[in-house]
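Here is the structure we will look at.
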2 protein chains.
Amino acid sequence: MSDSLSATLAALADPTRRAILARLAQGEASVNELSTPFSISQPAISKHLKVLEQAGLISRGRVAQSRPCRLEAAPLRDLVGWLETYRRFWDQSFDRLDAYLKELQKGNPDEPRN
Amino acid sequence: MSDSLSATLAALADPTRRAILARLAQGEASVNELSTPFSISQPAISKHLKVLEQAGLISRGRVAQSRPCRLEAAPLRDLVGWLETYRRFWDQSFDRLDAYLKELQKGNPDEPRN
DNA sequence: CGGTTATATAATGCATAGGTTAAATACATG
DNA sequence: CATGTATTTAACCTATGCATTATATAACCG
């Protein structure tokens, strides 16, 4: 999974990891703090954190024995950038524009003309 | 991978599948048309299409022997919706707003007050 | 019907993901 | 320095992902 977009998407595909990010959106947290809400073991959380870190979605500091994690924006920004390519497919207003243009093309007499 | 957001992200995590979507963004295509650009076998493409279909990212019709595929927007829209939660992390303008608010909080005398 | 084209499914192999428990490392402190 | 706390790494297991080739299904056409 060499490319970073694939790494980002794969990292985000796991619900546990998304929950971790949701927690980090509220501020830094230690590994222990991140583990407690989950029923899985703490080493499992460490693995998830490693995946998130390698995808660049989190970074970690060092405070005594603790390794505080914080959310990193860059990969999310890149993902949004990629999604922009498909904006005309998912954006509601684009949908309406599309419908409008199709009406024009049909020459529907109910629609305004110029 | 029961939840649909996980399914969407997992489907998008594969570069071949993203390339297929990129092709479909230009219009419907048959399985054969989708296979030709790739070095992998046609059954492999069929499997990718199945993954995309189960994630709701494509739908398929039937025209003679051909099964034309087309891009479906809904899961992308949902993904963008999920990303909105993190907008303040990835949006540049939010970054600037953040910095501004922090300046205010510090009581920096260079900054305007009200 | 018999052959051709388009696509899907089956059987299989191998690598990776995600979990576990047990052991190692890193730092703090009495 | 010995011990406790926080976290990582190792060894292992099972399930799933992605590819392959061979075979089956579906629809068209002479």
Side-chain angles (χ1 to χ4, degrees), chain A residues 1-24 27-71 75, chain B residues 1-24 27-71 75:
Chain A
M1 184 166 32
S2 45
D3 71 297
S4 70
L5 186 52
S6 295
T8 300
L9 288 161
L12 294 177
D14 186 282
T16 302
R17 288 194 288 262
R18 288 201 305 280
I20 289 172
L21 292 184
R23 166 64 188 78
L24 291 178
E28 291 195 3
S30 71
V31 178
N32 251 324
E33 286 166 343
L34 291 171
S35 321
T36 43
F38 299 101
S39 53
I40 64 179
S41 68
Q42 182 271 323
I45 298 290
S46 269
K47 282 194 187 180
H48 283 306
L49 292 174
K50 192 174 202 172
V51 172
L52 289 169
E53 187 176 30
Q54 284 174 347
L57 283 160
I58 65 169
S59 61
R60 299 149 114 171
R62 162 76 78 181
V63 174
Q65 304 102 311
S66 172
R67 307 290 315 275
C69 304
R70 71 173 157 285
L71 188 56
Chain B
M1 184 165 37
S2 44
D3 71 297
S4 71
L5 185 53
S6 295
T8 301
L9 288 161
L12 295 177
D14 186 281
T16 302
R17 288 194 289 262
R18 288 200 305 280
I20 289 173
L21 292 184
R23 166 64 187 80
L24 292 177
E28 291 196 3
S30 71
V31 177
N32 250 324
E33 286 165 343
L34 292 171
S35 321
T36 43
F38 299 100
S39 53
I40 63 179
S41 68
Q42 179 272 318
I45 298 290
S46 270
K47 284 193 187 177
H48 282 306
L49 292 174
K50 193 175 201 172
V51 172
L52 289 169
E53 188 176 29
Q54 284 173 347
L57 284 160
I58 66 170
S59 62
R60 299 149 114 170
R62 163 75 79 180
V63 174
Q65 307 102 309
S66 172
R67 307 291 315 275
C69 304
R70 71 173 158 285
L71 188 55

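Order of the sequence lines sets the chain letters (A, B, ...), proteins ahead of strands, with each chain counted from 1.
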Just by modelled atom types, is the B:G61 backbone N or O under 3.5 Å from a matching donor or acceptor in the B:R67 side chain?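 Side chain of B:R67 to backbone of B:G61: a pair is present.
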Without swapping roles, check the side chain of B:S6 against the backbone of A:A13 for a donor-acceptor pair under 3.5 Å.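 Yes; at least one donor-acceptor contact below 3.5 Å.
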Give the residues of residues 54-64 of chain B touching DNA chain C, defined as any heavy atom closer than 4.0 Å, sorted by residue number.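 Residues of residues 54-64 of chain B that come under 4.0 Å of DNA chain C are, in numerical order, B:R60.
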Proximal nucleotide (of [options]) relative to the [X] side chain:
X: B:R67; options: C:dG18, C:dA8, C:dT20; value: C:dA8
X: B:D14; options: D:dC18, D:dT8, C:dA8; value: D:dC18
X: B:K47; options: C:dT9, D:dT7, D:dA19; value: D:dA19

Taking atom [atom2] of [N] as reference, at what distance in whole Å does atom [atom1] of [X] sit?
X: A:L49; N: C:dG18; atom1: CG; atom2: P; result: 13 Å
X: B:I45; N: D:dA19; atom1: CD1; atom2: C1'; result: 11 Å
X: B:E28; N: C:dA6; atom1: CD; atom2: P; result: 17 Å
X: B:L9; N: D:dG17; atom1: CG; atom2: P; result: 14 Å
X: A:Q65; N: D:dA6; atom1: CD; atom2: P; result: 7 Å
X: B:I40; N: C:dC14; atom1: CD1; atom2: P; result: 19 Å
X: A:L52; N: D:dT7; atom1: CG; atom2: C1'; result: 16 Å
X: B:F38; N: D:dC18; atom1: CZ; atom2: C1'; result: 14 Å

With a cut-off of less than 4.0 Å, is there a side-chain N or O of [X] near OP1 or OP2 of [N]?
X: A:H48; N: C:dG19; value: yes
X: B:S66; N: C:dT7; value: yes
X: A:N32; N: D:dT5; value: no

Before you tell me yes or no, could you show the steps for A:I45 and A:N32 under side chain to side chain contact (heavy atoms under 4.5 Å, CB included), namely the whole-Å CA-CA distance, both residues' side-chain angles and the distance that decides it to 0.1 Å? CA-CA 9 Å; A:I45 298 290; A:N32 251 324; over 6 Å; no
For the residue pair B:L57 and B:L24, establish whether any side-chain heavy-atom pair is separated by less than 4.5 Å.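 The answer is no, as the side chains (C-beta and beyond) never meet within the 4.5 Å cut-off.
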I want to check something: taking the side chain as every heavy atom from C-beta on, are B:H48 and B:I40 in contact at a cut-off of under 4.5 Å?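 Yes, close enough: below the 4.5 Å cut-off.
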Pick the closest DNA chain C nucleotide for B:S46 and for A:A44 by heavy atoms, then say which residue is nearer the 5' end.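 Result of the comparison: B:S46.
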State, to 0.1 Å, how close A:I20 and A:F38 come at their nearest heavy-atom pair, and which atoms those are.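 Smallest heavy-atom distance, with atoms named: CG1-CE1, 4.0 Å.
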Of B:P43 and B:V51, the one whose closest DNA chain D nucleotide lies more 5':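 Looking at the nearest nucleotide for each, B:V51 comes out on the 5' side.
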Once salt bridge (Lys or Arg N to Asp or Glu O under 4.0 Å) is applied, what residue pairs with a partner in residues 34-54 of chain B remain, sequence neighbours excluded?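 Sorted pair list: B:E53-B:R60.
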All pairs passing salt bridge (Lys or Arg N to Asp or Glu O under 4.0 Å) where residues 4-20 of chain B contributes a residue, at least two apart: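 Non-adjacent pairs meeting salt bridge (Lys or Arg N to Asp or Glu O under 4.0 Å): A:D3-B:R18.
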Students often get this wrong, so: under 4.0 angstrom with heavy atoms, is B:K50 touching a base, only sugar-phosphate, or nothing?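 If one applies the 4.0 Å heavy-atom cut-off, B:K50 turns out to touch the sugar-phosphate alone, with no base involved.
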For A:S41, which contact category applies under a 4.0 Å heavy-atom criterion: base, sugar-phosphate, or nothing?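 Base contact.
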